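Below you'll find the structure, written out as structure tokens, and then a few comments.
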Amino acid sequence: MNHWLFKSEPDSFSIDDLGKLAKQTATWDGVRNYQARNMLRDSIKKGDLAFFYHSSCAMPGIAGIVSIVRGGYPDPTAFDRKHHYFDPDSRQEAPSWFAVDVKLVSKFGRLITLDELRAHAAKKLQDFVLLRRGNRLSVMPVAKKDWEFILTLE
DNA sequence: GCCAACGTTGGC
DNA sequence: GCCAACGTTGGC
């Protein structure tokens, strides 16, 4: 089982929005970056766990945990002509973009803020992709040791 | 294949 | 709203 971090802008889709959905399950779609696409398509499997990260907001940080309940499959929004994420280059027989389904596992009692994660960067989270300068990946791997350390912060 | 221009991300 | 950093595009 592998660990991941998924970014979402809480103004569009927060961890509480996920919690309100039927079965607390949602399709993680709209990822339009090749590196992230490759992970969704090839590496993120049913049963994996991911941090739900709130980005582009007043208080960025990790809000909770989701599990992958369906592994990579062609992103339906890429085929939907009326959708904001429509991509005419993505074909049913050769999809350009991939999605997974996630289900809420837990919302943390408090947000583990980006500031707080940074404070540990020197000693514990040296390789954490999120903390790398200029990082823009919306889906990224989290090493098991980093995952477990972050859980102790909650 | 290079690289300048442009668009997007995301913290502040 | 600003801007640094990065990915993508397209002319050559």
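Because the structure is a prediction, the values reported are computed rather than measured.
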How many whole angstroms separate atom [atom1] of [X] from atom [atom2] of [N]?
| X | N | atom1 | atom2 | answer |
| --- | --- | --- | --- | --- |
| A/Y34 | C/dT8 | OH | P | 7 Å |
| A/R132 | B/dT9 | CZ | C1' | 17 Å |
| A/R133 | B/dT9 | CZ | C1' | 15 Å |
| A/H54 | B/dG11 | NE2 | C1' | 16 Å |
| A/E116 | B/dG11 | CD | C1' | 17 Å |
| A/I62 | B/dG10 | CD1 | P | 14 Å |
| A/L114 | B/dC12 | CG | P | 6 Å |
| A/L137 | C/dT8 | CG | P | 10 Å |

Does A/R70 make a cation-pi contact with A/Y73 (under 6.0 Å, within 45 degrees of the axis)?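 Relative to the ring axis of A/Y73, which defines the angle, A/R70 lies inside both limits.
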Counting heavy atoms from C-beta on, name the nucleotide in B/dG11, B/dC12, C/dG7 closest to the side chain of A/S55.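 Of the candidates, B/dG11 comes closest.
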Do the side-chain N or O atoms of A/Y53 get closer than 4.0 angstrom to the phosphate oxygens (OP1, OP2) of B/dT9?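 No, outside the criterion.
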Assess whether a salt bridge exists between A/R32 and A/D75, defined as any Lys/Arg side-chain N lying under 4.0 Å from an Asp/Glu carboxylate O.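 Yes, A/R32 and A/D75 are salt-bridged.
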Identify whether any heavy atom of A/S56 sits under 4.0 Å from a base atom; if not, whether one sits that close to sugar-phosphate; answer base, sugar-phosphate or nothing.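 Result for A/S56 = base.
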Determine the contact category for A/R118: base if any of its heavy atoms lies under 4.0 Å from a base atom, sugar-phosphate if only primed atoms, P, OP1 or OP2 are that close, otherwise nothing.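 It contacts sugar-phosphate atoms only.
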Locate the shortest heavy-atom distance separating A/S106 from A/I15; write the atom from each residue and the value.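 Minimum heavy-atom separation between A/S106 and A/I15: O-CD1, 4.0 Å.
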In terms of the angle between their ring planes, are A/F13 and A/F52 parallel, tilted or perpendicular, with boundaries placed at 30° and 60°?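 Geometry flag for A/F52 against A/F13: tilted rings.
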Side-chain donor-acceptor distances from residues 146-154 of chain A under 3.5 Å, at least two apart:
residue, atom, partner, partner atom, Å
A/E148, OE2, A/K144, NZ, 2.7
A/T152, OG1, A/F149, O, 2.5
A/E154, OE2, A/G109, N, 3.0

Is any side-chain heavy atom of A/W28 closer than 4.5 Å to a side-chain heavy atom of A/I68?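 Not touching, per the 4.5 Å side-chain cut-off.
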Is any side-chain heavy atom of A/M140 closer than 4.5 Å to a side-chain heavy atom of A/K7?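 The answer is yes, as the side chains (C-beta and beyond) meet within the 4.5 Å cut-off.
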Check each residue of residues 4-11 of chain A for a non-hydrogen atom within less than 4.0 Å of any atom in DNA chain B, then write out the ones that pass by number, or none.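 Within this stretch, A/K7 sit under 4.0 Å of the strand.
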